[in-house]
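Remarks on the structure that follows.
Lettering of chains follows the sequences in order, A, B, ..., and the numbering in each one begins at 1. Just so you know, these numbers come straight off a predicted model, no measurement behind them.
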There are 2 protein chains.
Amino acid sequence: METIISMETKQVNSLCDFPVFKTQNDLTLCSFLSSKKQIDLKKGEILFLEKEQYKGVYFICSGLLKIYHTKSKKHEFILGLGQKWDIIGIDSIISNNPYPHSVKVVSDAKAYFLSPDEMLELFGTNTDLRFGFLKEVCSNIKKIENRITSIVNKRIKGQLAEILLVSSDCENNYAASVKLSIQDISKLIGTTQNYIYKIISDFTENKLIKIENKKIKIINSSELSVIANGLE
Amino acid sequence: METIISMETKQVNSLCDFPVFKTQNDLTLCSFLSSKKQIDLKKGEILFLEKEQYKGVYFICSGLLKIYHTKSKKHEFILGLGQKWDIIGIDSIISNNPYPHSVKVVSDAKAYFLSPDEMLELFGTNTDLRFGFLKEVCSNIKKIENRITSIVNKRIKGQLAEILLVSSDCENNYAASVKLSIQDISKLIGTTQNYIYKIISDFTENKLIKIENKKIKIINSSELSVIANGLE
DNA sequence: TTGAAACAATGACATGAGTCATGTATGAAA
DNA sequence: TTTCATACATGACTCATGTCATTGTTTCAA
């Protein structure tokens, strides 16, 4: 069960902290990376829209973003989430194509931004770094292949159970629904908001979860896990 | 509507013919590529299984392959099809990871095979070539992102209509079902064989298609197109 | 303070999709 | 030639999911 929403607490202090840069001993490179400043990304802000010309790569330090396709104004589907340590926009830079999806800030975030020239400079001069970026791109393939298989094989109830489990705060069993609205959860799974309410109502009736202060608290995580794995 | 099954007729005579190699003027490289021989891939042959250690990259010249995940022996899901001009296995070589999916030959095929050493040699010495392979990986990401969005937004009936349309032989309007069995179509869409039969039965009753010599002939492609686009 | 609009949530009903059982056809083995 | 296993195809039934209408709550502007 892959983590959808990260619970990591280590703070990002420098672009150097990103795993992709960890192997570097090049002092000029480290100096350049250390000089970059984090930018603020406000909730609701759109980083870029699908088919827009690429304008750089974002290295996410904190907060939450959604990566989505829009079939029409009515039908938005969330392909994935962007959070700490994620790197957004590499594939467009590499392939010299417009962005293949849109990205929007779900909760206030911080990130480093590198322009196309800066990226190509990094990309061109350093073999280890190049392979690091390429591994990042390739791991995206595996991740989304796993996601499509999961969507096809699981009932919507199972997908919701999984989201609630992996995003729960282990200490208090509160699902991070404050980070992801019911509307966004429905778009992440690819169903309707009404149906998500229905399933949440069922889960509440069956005493798997309960609603406290508009938050979802998990009270039977083992049963939710059975549902998430499609084994009931 | 992206083509699922290629109808291209140009024959592949050399590894040089692949678009990714088209920009090359390096005589040593061309000589090496020209020396490679095609290998035969028999129907039913498995190129590799998910989680297997990578052993090379296949450049498909003819025939049809399926790229799939297996949840269990009972649940196989086809992530995509491999056919002429497709390159299979790049991401594992680049990321130095086992194969993230399995690949099986659906109808007799031919391909060029390059070992990891040969690939790394190509990859390491030539900037244009490197970018060409990376573009290939990035276009795979875009393709499967589009696929996942399509699956989530379309009814199964719409997906079947689309498969029948794009795989049809334009001259005779025969859907290439001889290339893809009903069983494999159901695995490509992610549904049951029985439900595919049901929809085909409905299409036949509504005079959109008809069965001739165990082949599906399209007789109302405009109506099928409406269904494929989810506009009925 | 009030009223309109937007959002949250529920219920009734309709449709899409899956499962199981059954019958027929085909091919391989005895 | 017969028998058995597998594949093909259909029908009945059940469950999952979506749509529409409705009610209640919250927010914001006048």
Could you state the [atom1]-[atom2] distance from [X] to [N], rounded to the nearest angstrom?
X	N	atom1	atom2	answer
B:Ile196	C:dG18	CD1	P	8 Å
A:Arg155	C:dG16	CZ	P	16 Å
B:Asp202	C:dA17	CG	P	11 Å
A:Ile211	C:dA8	CD1	C1'	12 Å
A:Lys198	C:dA12	NZ	P	10 Å
B:Ile151	C:dG16	CD1	C1'	16 Å
A:Ile182	C:dA9	CD1	P	7 Å
B:Lys154	D:dG18	NZ	C1'	19 Å

Checklist entry - With sugar-phosphate meaning primed atoms plus P, OP1 and OP2, does B:Gln193 contact a base, only sugar-phosphate, or nothing at under 4.0 Å between heavy atoms? => result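 Counting heavy atoms under 4.0 Å across all strands, the contact made by B:Gln193 is with sugar-phosphate only.
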Next on the checklist: Between B:Glu162 and B:Lys154, does any NZ, NE, NH1 or NH2 come within less than 4.0 Å of an OD or OE carboxylate oxygen?
Outcome noted: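 Result for this pair is yes, salt bridge flagged.
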Checklist entry - Would you call A:Lys207 and A:Glu223 a salt bridge, taking side-chain N to carboxylate O under 4.0 Å as the test? => result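 Salt bridge between A:Lys207 and A:Glu223, a charged N being under 4.0 Å from a carboxylate O: no.
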Item to check | B:Tyr99 side chain to B:Asp91 side chain, donor-acceptor N/O pair below 3.5 angstrom | outcome: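 No, no side-chain donor-acceptor contact under 3.5 Å.
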Checklist entry - So, is B:Tyr195 close to the C:dA17 phosphate, meaning a side-chain N or O under 4.0 Å from OP1 or OP2? => result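 Yes, within the criterion.
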Next on the checklist: Test of understanding: with side-chain contact (heavy atoms from CB on, under 4.5 Å), list the residues that count as partners of A:Val152, not counting sequence neighbours.
Outcome noted: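 side-chain contact (heavy atoms from CB on, under 4.5 Å) list for A:Val152, sorted by chain: B:Phe77, B:Ile151.
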Checklist entry - If you pin A:Asn194 and A:Ile156 to their nearest nucleotides in DNA chain D, which one's is more 5'? => result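 Closer to the 5' end of DNA chain D: A:Ile156.
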Item to check | Proximity to the side chain of B:Tyr197 - top-ranked nucleotide from D:dA9, C:dT10, D:dT17 | outcome: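 Per side-chain heavy atoms of B:Tyr197, the pick is D:dA9.
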